[in-house]
Amino acid sequence: MKLWGGRFAKETDQLTDHFNSSISFDMRLYKHDIIGSIAHVDMLGQQNIITLEESQSIIEGLKALLQDIEAGKIEFNEKMEDIHMNIEALLTERIGAVAKKMHTGRSRNDQVALDVRLYTRDEIITLKALLKDLMETVLNLAKKHRDTIMPGYTHLQRAQPITFGHHLMAYFEMLKRDYHRLNFAYDHTNYCPLGSGALATTTYPLNRQAVSDALDFSGICENSIDGVSDRDFCLDLLYGLSALMMHLSRFSEEIILWSSHEFHFVELDDAYSTGSSIMPQKKNPDIAELVRGKTGRVYGNLMSLLTTMKGLPLAYNKDMQEDKERLFDSIDTLKMCLPIFTRMLATLKVCEKNMYKAASGGFTNATDAADYLVKKGLAFRDAHEVIGKLVLYCVTHETSLEDLPLDIYQSIHPIFEADVYEAIALTTCVKERQVLGGPSAKALEQHFEKATTFLTTL
Ligand code: ARG
């Protein structure tokens with residue numbers, strides 16, 4: 001018999017049971033469901049809505065049940081639809097009729113909203129720790145490569161010399177914003193919906209604040225209709241995780257490019273790469289590719305839940321049962337992607353010489369050559385034109401600005417002197433970019449300091 005079976009004259013079809021049921025995926029909420037019930041029942045006892053003895057025996061029963069579930073002794077039943085009714089049915093089997101009082105002044109609508117919030121809160125804490133590990137790894141690697149020169153790109157064409165440390169710190173900033181987004185999602189998750197009931201609270205004298213305090217929420221959901229209808233907190237997290245995956249996918253893409261034979265800027269550690277079943281020479285960046293690939297499902301989860309919520313009338317609708325698999329999948333995906341990405345990065349071998357070589361050949365110092373002329377008194381537009389001509393000369397003669405003899409420089413413009421070589425040396429190009437946020441060691445050290453301090457505040 002269903003817990004709601006009183007109004008029904010016959011049993012539900014098996015297909016209905018299967019279609020309607022969420023136990024196969026919401027069983028992971030068992031702990032949060034029980035913790036929520038304990039707080040609710042404790043309050044019911046304090047408020048004399050049930051007796052203290054009743055609340056005590058329910059709480060003890062719930063604690064014992066939690067232990068047995070954790071010990072793997074319990075099997076859930078699809079006929080009982082979801083985790084909430086499974087737990088209540090199991091408790092009733094164990095402690096008898098008193099268990100039926102647990103649901104006084106509560107609906108599954110506020111119960112599920114509570115469980116998902118409690119679960120999400122815990123998972124955000126885990127995700128934040130994993131993200132912090134990654135940020136530490138990025139920062140350490142950046143510090144190690146403060147002076148490692150590489151080409152910076154625009155349009156994937158060599159643009160200006162930067163350092164690997166500078167490049168990595170761009171990712172640090174992205175991840176920092178991701179961390180803030182996780183905090184944002186946490187803050188909006190951290191309200192207690194319990195007491196909203198089905199949608200209109202209840203006539204029992206519930207103490208919502210006491211339940212909220214017992215469960216360590218920052219406050220209650222102020223409107224009961226919103227309390228059961230709101231899934232914004234899930235969407236906030238799904239967006240935050242999408243942005244994080246977007247960043248990881250860009251980073252992955254670069255690692256895939258860099259580890260190609262054409263770039264050869266990095267080598268992946270054997271422990272974090274894979275081989276080919278047919279081509280013996282292959283060492284593939286599968287992990288970076290999979291992280292890039294999994295970005296699709298995380299975006300999909302966000303779009304899916306946004307679409308589920310679109311146009312839903314207030315208050316609870318069964319459509320909202322679809323929130324959980326999307327939420328769980330994104331959380332699970334990030335819990336896999338973050339640690340493996342961190343380890344892949346921590347073990348990456350950086351081929352500094354290849355990075356330097358790539359920065360040398362491709363006129364990444366052309367802007368600095370133009371700036372050299374500006375310092376000698378030319379207008380930047382004229383300087384740009386002169387260096388353009390020199391680059392064209394180099395391209396047709398297969399040489400570089402560094403290797404061009406002084407008389408060629410002077411044949412194009414007489415203002416060039418021997419100090420041009422020093423001015424366009426890659427180390428000079430980097431060193432002279434002392435503006436905050438730039439690649440020079442001086443600017444980077446300041447960024448490192450702020451980043452280190454930021455991490456200590458987490
Ligand atoms: N399994 C349901 C869900 O995940 C729980 C709430 C059901 N409420 C209801 N009125 N049928 O949304």
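Keep in mind that this is a model prediction, so the values were computed, not measured. One-based numbering, in listed order, for ligands and for the atoms of each.
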Using atom types as modelled and distance alone, determine if a side-chain donor or acceptor of D110 lies under 3.5 Å from a backbone N or O of L194. no

Would E81 count as a contact of ligand 1 if the rule is a heavy atom under 4.0 Å away? no

The protein heavy atom nearest to atom 5 (C) of ligand 1 is D82 OD2, 3.5 Å

What I want to find out is whether R231 reaches D323 closely enough, with some N-O distance under 4.0 Å, to be called a salt bridge. yes

Decide, yes or no, whether a salt bridge links R94 with D68 under the criterion of side-chain N to carboxylate O below 4.0 Å. yes

Can you pull out the closest protein heavy atom to atom 3 (C) of ligand 1? Residue, atom name and distance to 0.1 Å, please. Y316 OH, 3.2 Å

Top protein contact for atom 9 (C) of ligand 1, by heavy-atom distance: N109 OD1, 3.4 Å

For a quick check under 3.5 Å, do R250 and H247 share a side-chain donor-acceptor pair by atom type? no

Side chain to side chain donor-acceptor pair (under 3.5 Å) partners of E352, counting only residues at least two apart: none

I need the atoms of ligand 1 closer than 4.0 Å to a non-hydrogen atom of S22, numbered in the order shown. 1 (N)

Filtering Q321, K324, R108, E322 for the heavy atom nearest atom 1 (N) of ligand 1 leaves Q321

